[in-house]
Enquirer: 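Attaching a single structure in structure tokens format; questions to follow.
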Amino acid sequence: MFLTNLSKLKKLSVPFKPKLSPLSFLSTHPENQPHQELALNHQQQSICITNRSYWTKKIHDLCTKHRNVDEALRLLDHLRLRGYLPDSLNLSSIIHGLCDANRFNEAHQRLIIFLTSLCVPDERTCNVLVARLLHSKDPFRTLNVIHRLIEFKPEFVPSLINYNRLIDQFCSVSLPNVAHRMLYDMINRGHCPSIVSYTTLVNGYCKIGEISDAYKLFDEMPEWGVVPNSLSYSLLIRGVLRKRDIERGTELMHVLFQRMRYEEDQSVNSAAFANLVDCLCREGLFNEVFMIAEEMPQGNRVNVDFAYGHLIDSLYTEGMKKVLVKDYVSKKNGFPALSRPM
DNA sequence: CTAGGGTTAG
């Protein structure tokens, strides 16, 4: 024990030695300076704080090239004490740096701090920053930032895609009601919801079993000139089948295959087809799957290789699950495990 | 050549 601890100590003490050496303080070569001392660099002390482009680049380089946001923040604090007012470029560098380092809580917090010191970026930058904050998958926090942005910049309108991503994130934490409010928010701020907005919400309600709310959305879509696409139907079917409403599910399958016929976006058809096959397999409705495999009701609206590939894939995956469950149940009941051929 | 910068449903 002692020996190992001692040897650990010895090993640990080695890298610290050079730093403790008084000689290191004599070094004036910038490359020999540890990062922590950059803010106090003598050469930089003499650079005027009005040289904004110099400091902006410095802060940006610290956040990107050196991946050292903390040093950038320290430098910014230092400059602020000398009367420098951070601008939206500095703000942008810092927020991007924090997001790159996966420090999303700080990124949200820091953006609000910048706002309260009246550093408010332009519309485009606001949307770029919101887009980055959305990677945190913390919709409440990001929504709070959006509210603060609007507070300081009343004309700010989050982009349609940012709204849609926010809707998706509220749905994925099982809060489609909150997501639905986002839809009305975006309408109030002048957006026309897109098919992505509505399909996301349909899926959100289906995931928590609120099928009737999902249905209501199909009535609401035309008010905004939105036409449900094959993926919208496919996701609704998933919700309906999960409720074991086979009759309504098969009914909707016909609607889906009709809709596929005039779907312009082939990738939407592929996604809709894949989702349908997946949930049919998961629900054990193999007859329907075999019907699809034989009759191919999607015709040439889905790439044939993709369709067969996905059918085989889903059947195989579900089949393996069944085998595993069977194996588990038989073991549990005391049956000997399957003997393997030598 | 005035800095930099994100993109959704499955």
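In the text below, chain A, chain B and the rest are named by the order of the sequence lines, each starting its count at 1.
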Enquirer: Looking at A:Glu263 and A:Arg261, is any side-chain nitrogen of the basic one under 4.0 Å from a carboxylate oxygen of the acidic one?
Expert: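 Looking at A:Glu263 together with A:Arg261, the answer is no, because their closest N to O distance does not fall below 4.0 Å.
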Enquirer: Hey, are A:Arg244 and A:Glu283 close enough for a salt bridge, meaning a charged N less than 4.0 Å from a carboxylate O?
Expert: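 A:Glu283 and A:Arg244: salt-bridged.
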Enquirer: Using a heavy-atom cut-off of under 4.0 Å over every strand shown, decide if A:Ser88 touches base, sugar-phosphate, or nothing.
Expert: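 Base contact.
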Enquirer: Please determine whether a side-chain nitrogen of the Lys or Arg among A:Arg248 and A:Glu251 lies less than 4.0 Å from a carboxylate oxygen of the Asp or Glu.
Expert: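 Looking at A:Glu251 together with A:Arg248, the answer is no, because their closest N to O distance does not fall below 4.0 Å.
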Enquirer: Salt bridge check: are A:Arg165 and A:Asp168 linked by an N-O gap of less than 4.0 Å?
Expert: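 Salt bridge: no.
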Enquirer: Rounding to an integer number of Å, can you tell me how far A:Lys65 NZ sits from B:dG4 P?
Expert: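 The distance from NZ of A:Lys65 to P of B:dG4 comes to 12 Å, rounded to the nearest Å.
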Enquirer: Return yes if a side-chain donor-acceptor contact under 3.5 Å exists between A:Ser194 and A:Asn164, otherwise no.
Expert: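 Yes, side-chain donor-acceptor contact under 3.5 Å.
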Enquirer: Could you write nucleotides 5-10 of chain B as a row of B, S and -, 5' to 3', where a protein heavy atom under 4.0 Å of any base atom gives B, of only sugar-phosphate atoms gives S, and otherwise -?
Expert: BBBBBB
Enquirer: Given a 3.5 Å cut-off on both pairing distances, which stems involving DNA chain B, each at least three consecutive Watson-Crick or G-U pairs, are present, if any?
Expert: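 The stems that DNA chain B takes part in number none, since no run reaches 3 pairs.
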Enquirer: Take the angle between the ring planes of A:Tyr233 and A:Phe218 and call it parallel below 30°, perpendicular above 60°, tilted in between.
Expert: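 Ring orientation of A:Tyr233 relative to A:Phe218: tilted.
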Enquirer: Can you hop from A:Phe104 to A:Leu143 via hydrophobic side chains spaced under 4.5 Å?
Expert: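 Cluster IDs for A:Phe104 and A:Leu143 differ.
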Enquirer: Does the side chain of A:Asn275 come under 3.5 Å of the side chain of A:Arg238 through a donor N or O and an acceptor N or O?
Expert: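 Present: a donor and an acceptor within the cut-off.
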